[in-house]
Every structure is written in structure tokens, then in C-alpha cells.
Amino acid sequence: MKISGIKYLANQGIENIWKNKMMAFATFCVLLISLLLVGCSVLFYINMNSMILGLGNQNEVAVYIEADTPQERVDEIGEQLKTMENISTVTYISKKEAYERMQNQILQGKEIFEYIDDYQFMPDGFSITVADNEKLRDTVDAITRIEDVQSADSSPQVAEFLRELRRVVTLIAGAAIIALAAVSMIMISNTTKASVFARREEIQIMKYVGATNTFIRTPFFVEGLVTGFFSGAGAYFITWAIYRSVYDILMAQGMLMNAFGAGSIVPFADIRLYCGLAYLLVGSLVGAFGSVVSTRKHLDV
Amino acid sequence: MVELQNVSVTYSGGVDALNNVSLKINDGDFAFVVGSSGAGKSTMIKLLLKEIDATSGNVIVNGYNLSKLKKRKIPEFRRTLGFVFQDFRLIPSMTVYENIAFVLRVLDAPLKYIRKRVPYVISLVGLHAKTNSYPDELSGGEKQRVAIARALVNDPQLIIADEPTGNIDPELSYEIVELLKGINDQGTTILMVTHEHDLVRHFGGRIINITNGEIVYDEIVTGTNSEILPEVELAQAMENAARPRHEYAMPVDTAEENTPYVDDVIAAIQGTVTQKGGADK
Ligand SMILES: Nc1ncnc2c1ncn2[C@@H]1O[C@H](COP(=O)(O)OP(=O)(O)O)[C@@H](O)[C@H]1O
Ligand SMILES: [Mg+2]
């Protein structure tokens, strides 16, 4: 095939978009909606995940040192903790602070503190946070093995709960995304089928004059590719607008939302590139192949 | 060249559309295929285009044995022939020019050739003024002339026409056949299906009658108007086609009713043989 021939077929594809404006627009819209549905679900999932991980990282481990350990040894342990794997922050907690914390943590039987008003009996300690909440248990174990460490308390229930939450969210989001993708494929396939069906006679005539299947399909491929590309671009800009406003609203809530891990919401700038590329790529490919696959039934003459 | 060897076609519903048909049409022939509705004429055309396959027997067209032709060879085979259908089959979204040029695009012909060849065939069928019109903007006769130009553009060995005059005014039918006759004079084999007896009688030539899936008549008959035909050069015929129709479109025997029955047609045709060279009324 000559260059002029390829150019001709590509041109035919572009021209067909204008010539079949209504069908092309329908395909564009269906693709756009599908991409948005799936894309937003994926983004929602990414953020839920990030928030849960963020909450997990706020889950502190309280490390208590044996009573009567000299201050030098306590400092040494502090340094050791800082070099350990999976530990992101280490904060020293004085006896007084530890006492106050204890008071806050014990909700029932607060009366006990009326009898104990001396914090000198409290051990020295550190509050640490971990980088990866999933590895919390290993990290806690490692800390406990350090000499002169009396105990390392994470709240394993919280970690466990978050892990479970993440699993459930992944499951639900995964199912939702797969379902949406499936529904989208059906919608897209029906639209491209209708679009091709409207031109079945054209395809048949082309077959009669001896056009090969590739010759007939190439314009359909180009047509789907271009339509899909624009759907991807449209989906990107809509997502960008929605994401920005939701992000701004959540950030404006400040402290309140932080408690729910909103601080871990991924800024759009961090995902802009992936988001854009994914939309354009998926849009173009689904458009192109949807259109080509739909011609198959009509090529058999 | 077209050859059918003991060809039978049975449709999935059990209809025997063709029954042990043998037929040979030589290069350069002009053959009319006549027969009443449902006789199997279109089935034969579909066979020749390899739209359907014979249930038994061999179909050989332009040197391709269609019973053995591989699927991916079909495009190559179809490029050796032109087709004209009753319903024109023009691509509505393409102009006259594009509809015709498309055939050459399929052949991957050089752009320079396309730009020369397409206007040429358009002028042959007398539609120069309609080059950039869309099919919707043309009359039935004009659409069929576009279809003929399209069939002609790649200079095929064979043109197959299934009721090409079926959807246009009877008087205009003569122009269409004259056009095809002119093309035939240039050496292209033409196979034309029709049930318009007046046309067949007027032009004469080889008449093949199919009835109930069988060939019941196959003779060369002199047309009532045949003496003027050999003189009609292609260009002349094309020019005629472009002229006001009444001049050339004179039915031979308007008094005689078109009966769909084969015997009548044959009788009529044979009648004209005896008064060979009979003058136009
Ligand atoms: N696709 C088909 N399936 C079943 N029967 C068919 C099909 N096409 C044609 N027939 C039958 O085959 C016979 C011949 O049809 P056809 O070749 O179209 O006749 P003609 O063109 O002479 O009018 C008819 O009885 C018709 O009903
Ligand atoms: Mg028919």
C-alpha cells in the first residue's frame, strides 16, 4: 500500500466522523461517560486507600523503657529506634507526658488517678509512627527485643481494623470498577455496533468492488481512535475540574477532615500525568477496537 | 468468461433455486438473462459474485474457479469484474466522483491516474455536470449511470448487471442498455438480467431464459433495432445516453402487453427473428 493510500484511508476515517456526526457524537458521549465512571471510581479507590494508610500511620506505637534505666541508655535507645526499618518518626515522651497520656487513654475507672498523683513512677518512653502500617507487627516485635525496652504497645486492634477496612474497600471498589467497566463495554459495543450497522450497505458495496477487510476497517479504526481520544481528553478535563473542587472543599474543612485521614488525599498534581495518559490511551484503544470489532459481522459478504 | 458446470443451488430453507445449470458465456459476449420473478436469476448473479456458493457444480468466472476460491482471494477476484444492481448501491455519503474513484483506491491506483480516469468515465456516461453531486441529488437514471461508470472505471473483463433498469423509468431503460452495449462493443463481456421483454426484443443478442431454476432457452436473436447497433460507437452511445431520452427510447411494440410468462416472451422474440431487420415504428 502506497503512502497516498494510507493517507487516503486515514482521511476517510476523519471525514467519516463529520459525515456521521450523530453517531460519532453518540459514541463520544458513551465513551466519555464510561471513562468518567470508571476513572472516578479508580480515583476514589486510590484516595480511600491512601486515607486508610494515612490513618494507619497516625497509629502510634508507645515504647516504654524499663524503670530506672539511666538517661544515657534511654537516649541511646532513642537513637537506635531512629535507625530501625519502617519507623518514620520517633518522639521522646517524658514521664509527665506519659502520665497524662495514660489518663486520657484509660476511659473507664479514671478514679484510679485520684490515688496516683505522682508521675515519677511512669517509665520513660517514645512515641513512634511507622511508615508501613501493614508491617506494624514485625516492627513492634523488633522493638520489644531491644534491651531495656519494657514494652511496645501498638493498638493492634486499630491496625487490624484498618487492614480489614482496606481489604473491604479494595474488594468493593474492585467489584464496582469491574462492573462499571463491563457495563461500559456493553454500552460502547452497542453504540459502535449501531454506528457500523447504519453503514452496513456501504461496507457491503466496498466488499463488492473488491476492497480487502483491512481497507474497509482502517477508516473505522481511525474514526474510533480519534473519537476515543477526544472522549479521553474530555474525561480528563471533567475529572480535573471535579477533583479540584472536591479536594478544595475537603481541604477547607481542615482539622475536622484530617481526623478522617483527609490529609492523605492525593493532590491532583501528583496523578495528573497518569490520569491523563490513562484516559487518552484507554479512550483511544477502546474507541478504535470497538469500532473495528463491530465491522466484523458485516464483512462476510 | 463465465462458465457454469452442472450448478445447483439449494438455499438453507430447502428452496432449489438453480437446478443442474450449465452455461458458457465467452469473452466479448453480450447476454441477456430473462425469466419470471423467483426463477433463480439473482441466485445466478450471486454465484458469479461469490456472494453465495454453489451447492454442487463448478462456477468459473474470469479464470477463477469460485468453488475453490479462498476467502482472502475474493477481493482480488472481484476486482476483475464490475457490477450494476437494480438498487444502484451507491455510497450515500460520497459524491459521484468519490463513489467511482473509490474503486481505483481499492486497487491502490496512482493518484494521477485516478484524477484522469474518473472524470473520463463520468463524461462517458454523460454526468460531467454532476461530478460533485451526492447520490440523493440524482434521478434513478443518473444513479444507474454512476453505477455503470463505477463498474467501468477499472476496465473489467466482465460486467454483471442484475435488473439494472428495474428501478428507472421504462423509457430511460433504453439508454442504460445502449450504454452497456457501447461498453460491450469495446470488448467487455456483459451479462444482464432483466424481465423487460421489450428491451430484450429491441436489442436482441444472446437470450438465456431461466425458469424454475433451469435454463429453458438459450439462443442468439436479432433485435428489432439491431441494424443500427453495430454502427453505434461507444462515444456515440454515451452521447446518446446524455441526450433527451425520447429520441432513442422508442419501444418497439408498445401495443403488446408485458406478460411475465416466459412462453410469451420467447414467442415474441422468435417472432421478431422472422421479421429480421424490421423497421422501428
Ligand atoms: N437467501 C435466500 N434464502 C432462501 N431462499 C431464497 C433466497 N434467495 C432467493 N431464494 C429463493 O430462491 C428462488 C430464486 O430466487 P431469485 O434467484 O432471487 O429469483 P429471481 O432473481 O429470478 O427473481 C426463489 O424461490 C426465492 O424465494
Ligand atoms: Mg432477482
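Residue numbers begin at 1 in each chain, while the letters A, B, ... track the order of the sequences.
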Name the region of [X], side chain, backbone, both or neither, that has any atom closer than 4.5 Å to a heavy atom of chain A.
{"X": "B:Leu49", "value": "side chain"}
{"X": "B:Leu90", "value": "backbone"}
{"X": "B:Phe77", "value": "neither"}
{"X": "B:Lys71", "value": "side chain"}

Counting only non-hydrogen atoms closer than 4.5 Å, does A:Glu202 touch chain B with its backbone (N, CA, C, O), its side chain (CB onward), both, or neither?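 Interface part for A:Glu202: both.
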Does any non-hydrogen side-chain atom of A:Gln12 lie less than 4.5 Å from one of B:Met94?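 B:Met94 vs A:Gln12: side chains touch.
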pair A:Lys207-B:Ile74: side-chain heavy atoms closer than 4.5 Å: no
To the nearest 0.5 Å, what is the distance between [atom1] ([X]) and [atom2] ([Y])?
{"X": "A:Leu9", "Y": "B:Arg105", "atom1": "CG", "atom2": "CZ", "value": "8.5 Å"}
{"X": "B:Leu107", "Y": "A:Phe215", "atom1": "CG", "atom2": "CZ", "value": "9.0 Å"}
{"X": "A:Lys19", "Y": "B:Ile91", "atom1": "NZ", "atom2": "CD1", "value": "8.5 Å"}

Just wondering, are more than 12 heavy atoms of other shown residues or ligands nearer than 6.0 Å to [atom1] in [X]?
{"X": "A:Phe237", "atom1": "CZ", "value": "no"}
{"X": "A:Glu201", "atom1": "CD", "value": "no"}
{"X": "A:Arg244", "atom1": "CZ", "value": "no"}

Taking every heavy-atom pair that is under 4.5 Å apart, which of B:Glu98, B:Arg79, B:Glu76, B:Arg150 has the most such pairs with chain A? B:Arg79
Minimal non-hydrogen separation, B:Val106 against A:Gly210, with atom names: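 Shortest heavy-atom contact: CG1-O, 3.2 Å.
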Donor-acceptor check, side chain of B:Arg89 to backbone of A:Ile205, threshold 3.5 angstrom: yes or no? no
